[in-house]
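The structure presented is a predicted model; accordingly, all values stated were derived computationally and were not measured.
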Amino acid sequence: MNNPTHAPRIRLGMVGGGEGAFIGAVHRIAARLDDRYELVAGALSSTPEASRRSGLAIGLAPERIYDDYAAMARAEAARPDGIEAVSIVTPNHLHAPMARAFLEAGIHVICDKPVTTTSLDARMLQQLAAEQGLVFAVTHNYSAYAMVRHAQQMVRMGELGEVRVVQVQYAQDWLAEPIEQEGQKQAAWRTDPARSGGGAIGDIGTHAWQLADTIVGQPVDALAAELSSFVPGRAVDDDVQVLLRYRNGARGMLWASQVATGHANELRIGVYGSRGSIQWRQEQPDELLWTPLGEPTRILKRGTPAANAAAARLSRIPGGHPEGYLEGFASLYGEIAAHLLAAREGRAAPEEAQFPTIADGLRAVEFIEAVQASARAGGSWVQLPA
């Protein structure tokens with residue numbers, strides 16, 4: 001995952017991710033880990049003062065610290081050394097107008113998930129990116145873990161046989177109490193329906209959906225869902241349970257909860273086929289359990305000969321040295337970089353470099369909307385768009 005071509009680093013800007021933010025620092029670390037990007041500009045906070053403090057704290061040149069995203073898009077598009085891509089790491093309700101401004105300025109977009117709060121906005125961005133001929137990536141970072149790619153390849157190659165059952169969960173407990181009422185910044189916007197567009201379903205439920213979507217490779221045809229708000233006074237869901245019907249006849253269940261006491265970040269999936277099954281846990285990301293039908297379970301490990309080529313290309317260090325959250329995020333940025341460099345040089349990107357696009361982002365928002373519609377209808381089955 002190094003930069004074998006020694007191409008000049010991609011000039012990157014960032015919107016959001018300033019003081020008090022969590023995910024902005026993660027994106028900055030991920031973008032630099034494989035030496036493919038250089039962060040050169042930003043509008044990092046909601047006020048000019050905070051944006052300036054945040055920009056200076058991470059070493060941005062004062063003249064490239066902007067008061068707002070619109071000014072940044074205009075100024076950077078006019079510079080001969082302006083940014084080539086922008087990373088948008090703000091609360092969800094701001095994604096659509098920000099992404100639109102940069103796309104219209106001719107700048108590639110890397111956007112946190114969910115890409116928008118409505119499918120109407122997501123479709124608008126998809127059309128605009130296509131019209132402008134620009135890369136639009138959505139940072140569903142778990143799709144770039146090495147052993148997730150191994151699992152995806154196993155399913156694609158038919159090693160599991162016909163997929164029959166999919167079980168995926170994302171369990172946390174950090175919102176088990178009403179910490180949003182105490183001014184906790186990360187909780188405050190995530191539990192505000194006007195800013196988040198949904199609770200657990202949008203924040204972590206989409207990660208669970210996208211993980212299953214990446215590995216299984218089969219579209220969900222219909223779903224039936226129940227949303228719950230267990231913490232008194234909370235305006236969004238903090239627990240979601242969804243039954244899934246896949247187009248190929250498989251059945252599944254998705255559970256996402258932010259009130260699951262005892263769970264820190266328990267994203268896990270099991271995929272069960274006619275010839276075998278696989279299981280993966282984000283908290284043990286270097287291991288994939290593989291159980292061929294009628295045989296003992298095997299532990300396949302990243303960085304060993306057991307890992308297939310899809311996993312090996314996203315590995316940096318030998319087996320026994322764990323790679324996890326930051327490395328997975330960095331792998332995603334590396335996959336995006338391959339496409340950005342190809343766009344810079346006017347050539348086709350390598351086929352093996354894959355990342356969630358605006359089309360995937362749209363489907364994730366359509367999934368959220370279908371879950372919410374089903375819950376409003378008392379758990380009735382709802383068809384997803386074809």
- Audit row: Glu335, Arg313, salt bridge (Lys or Arg N to Asp or Glu O under 4.0 Å) steps and yes/no: CA-CA 11 Å; Glu335 299 286 73; Arg313 63 176 295 274; 2.8 Å; yes
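- Contacts of Leu128 classified as side chain to side chain contact (heavy atoms under 4.5 Å, CB included), with partners at least two apart in sequence or in another chain: Arg100, Leu103, Glu104, Glu131, Gln132.
- Sorted by first and then second residue, the ring pair (Phe, Tyr, Trp, His ring centres under 6.0 Å) pairs with a member in residues 188-207 read His140-His207, Tyr142-His207; sequence neighbours excluded.
- With no hydrogens or angles considered, no side-chain donor-acceptor pair links Asp239 and Ser228 at under 3.5 Å.
- At distances below 3.5 Å, not a single donor-acceptor pair connects side-chain atoms of His95 with backbone N or O atoms of Cys111.
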- Task: Could you give me the CA-CA distance, side-chain angles and deciding distance for Arg156 and Glu159, then say whether salt bridge (Lys or Arg N to Asp or Glu O under 4.0 Å) is met?
- Result: CA-CA 8 Å; Arg156 286 183 175 178; Glu159 294 182 53; over 6 Å; no
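- Across Ala330 and Leu33, no two heavy atoms sit closer than the pair CB-CD2, 3.4 Å.
- With sequence neighbours excluded, the residues forming a side chain to side chain contact (heavy atoms under 4.5 Å, CB included) with Ala250 are Val163, Tyr246, Asn248, listed by chain and number.
- Not a single donor-acceptor pair under 3.5 Å links the side chain of Arg268 to the backbone N or O of Glu283.
- For the atom pair CG (Leu39) and CZ (Arg32), the distance works out to 9.5 Å, reported to the nearest 0.5 Å.
- Considering CD of Glu177 and CG of Asp173, their distance stands at 9.5 Å, rounded to 0.5 Å.
- Taking Ser229 as the reference, nothing meets the side-chain hydrogen bond (donor to acceptor under 3.5 Å, both in side chains) condition, with sequence neighbours excluded.
- Looking at Leu243, Leu227, Val382, Val242 one by one, the single match for side-chain contact (heavy atoms from CB on, under 4.5 Å) with Ser374 turns out to be Val382.
- Taken from CD1 in Ile278 to CD1 in Ile215, the straight-line distance is 5.5 Å, to the nearest 0.5 Å.
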Please tabulate, for side-chain N and O atoms in residues 11-20, each donor-acceptor pair with protein atoms closer than 3.5 Å (sequence neighbours left out).
residue: Arg11; atom: NE; partner: Asp81; partner atom: O; Å: 3.2
residue: Arg11; atom: NE; partner: Gly82; partner atom: O; Å: 2.7
residue: Arg11; atom: NH2; partner: Gly82; partner atom: O; Å: 3.2
residue: Glu19; atom: OE1; partner: Arg53; partner atom: NE; Å: 3.3
residue: Glu19; atom: OE2; partner: Arg53; partner atom: NH2; Å: 2.6

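- Listed by first and then second residue, the ring pair (Phe, Tyr, Trp, His ring centres under 6.0 Å) pairs that reach into residues 278-303 are Tyr145-Trp280, sequence neighbours excluded.
- Counted within 6.0 Å of CD on Gln126, heavy atoms from surrounding residues, nucleotides or ligands total more than 12; the atom is thus considered enclosed.
- Annotation: ring pair (Phe, Tyr, Trp, His ring centres under 6.0 Å) contacts involving residues 111-136, sequence neighbours excluded, are absent.
- A donor-acceptor pair under 3.5 Å is formed between the side chain of Gln184 and the backbone N or O of Gln186.
- Under the 4.0 Å criterion applied to side-chain N and carboxylate O atoms, Glu287 and Arg281 are not assigned as salt-bridge partners.
- Salt bridge annotation for Asp221-Arg245: absent, with no cationic side-chain nitrogen under 4.0 angstrom from a carboxylate oxygen.
- Under a 3.5 Å cut-off, the side chain of Asn308 and the backbone N or O of Ala311 do form a donor-acceptor pair.
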Can you list, pair by pair, the side-chain donor-acceptor contacts under 3.5 Å of residues 355-365, counting residues two or more places apart and other chains?
residue: Thr357; atom: OG1; partner: Ala359; partner atom: N; Å: 3.2
residue: Thr357; atom: OG1; partner: Asp360; partner atom: OD2; Å: 3.2
residue: Asp360; atom: OD1; partner: Arg363; partner atom: NH2; Å: 3.2
residue: Asp360; atom: OD2; partner: Thr357; partner atom: N; Å: 2.8
residue: Arg363; atom: NH1; partner: Asp213; partner atom: OD1; Å: 3.3
residue: Arg363; atom: NH2; partner: Asp213; partner atom: OD2; Å: 2.6

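- The minimum heavy-atom distance between Leu314 and Ala144, with the atom names listed, is CD1-O, 3.3 Å.
- Take Glu366 and apply the salt bridge (Lys or Arg N to Asp or Glu O under 4.0 Å) test, not counting sequence neighbours, and it matches Arg123.
- Here the CG-CD1 distance, from Asp112 to Ile88, works out to 10.0 Å after rounding to the nearest 0.5 Å.
- Counting heavy atoms from C-beta outward, Arg298 and Pro292 have side chains that approach closer than 4.5 Å.
- Under the ring pair (Phe, Tyr, Trp, His ring centres under 6.0 Å) criterion, no residue pair touches residues 249-273, with sequence neighbours excluded.
- Following chains of ILVMFWY side-chain contacts shorter than 4.5 Å, one cannot reach Ile65 starting from Met72, and the two form parts of different hydrophobic clusters.
- Here the side chain of Asp238 pairs no donor or acceptor atom with the backbone of Val259 at under 3.5 angstrom.
- Taking a cutoff of 4.0 Å between a charged side-chain nitrogen and a carboxylate oxygen, Glu162 and Arg164 do not qualify as a salt bridge.
- Summarising the local packing, CD1 of Ile299 is surrounded by 12 or fewer heavy atoms from other residues, nucleotides or ligands at distances under 6.0 Å.
- By the rule that hydrophobic residues join a cluster once side-chain heavy atoms approach within less than 4.5 Å of another member, Leu326 and Leu211 end up as members of one cluster.
- Separating the CD atom in Gln372 from the CD1 atom in Ile201 is a distance of 7.5 Å, to the nearest 0.5 Å.
- Under the 3.5 Å distance criterion, the side-chain polar atoms of Thr139 are left unmatched by any main-chain donor or acceptor of Asn141.
- A donor-acceptor pair shorter than 3.5 Å can be found between the side chains of Asn265 and Tyr170.
- Scanning both residues, Pro8 and Arg344, for their nearest heavy atoms gives O-NH1, 2.9 Å.
- Checked by atom type and distance alone, the side chain of Asp68 pairs as donor or acceptor with a backbone atom of Ala71 at under 3.5 Å.
- Residues Thr214 and Arg149 have side chains that never bring a donor and an acceptor to within less than 3.5 angstrom of each other.
- There is no side-chain donor-acceptor pair under 3.5 Å between Ser51 and Ser45.
- For Tyr333, the ring-ring contact (aromatic ring centres under 6.0 Å, His included) partners are His27, Tyr37, not counting sequence neighbours.
- Counting only distance, with no hydrogens or angles, the side chain of Thr304 and the backbone of Leu300 share no donor-acceptor pair below 3.5 Å.
- Residues passing the ring-ring contact (aromatic ring centres under 6.0 Å, His included) test with His108: none are found, sequence neighbours excluded.
- In this structure, Arg251 CZ and Gln167 CD are separated by 13.0 Å, a value rounded to the nearest 0.5 Å.
- In this structure, Asn92 contributes its side chain and Thr116 its backbone to no donor-acceptor pair below 3.5 Å.
- One hydrophobic cluster, built from ILVMFWY side chains closer than 4.5 Å, holds both Leu384 and Val371.
- Follow the hydrophobic side-chain contacts under 4.5 Å out from Leu60 and you never reach Ile83; the two are in separate clusters.
- With hydrophobic clusters built from ILVMFWY side chains whose heavy atoms lie under 4.5 angstrom apart, Val168 shares a cluster with Val220.
- With hydrogens and angles disregarded, no donor-acceptor distance shorter than 3.5 Å links the side chain of Lys301 to the backbone of Gly320.
- The pair Glu76-Arg64 meets the salt-bridge criterion, since a charged nitrogen lies less than 4.0 angstrom from a carboxylate oxygen.
- Ion pairing of Arg316 with Asp34 is present here, as a side-chain N (NZ or NE/NH1/NH2) and a carboxylate O approach within less than 4.0 Å.
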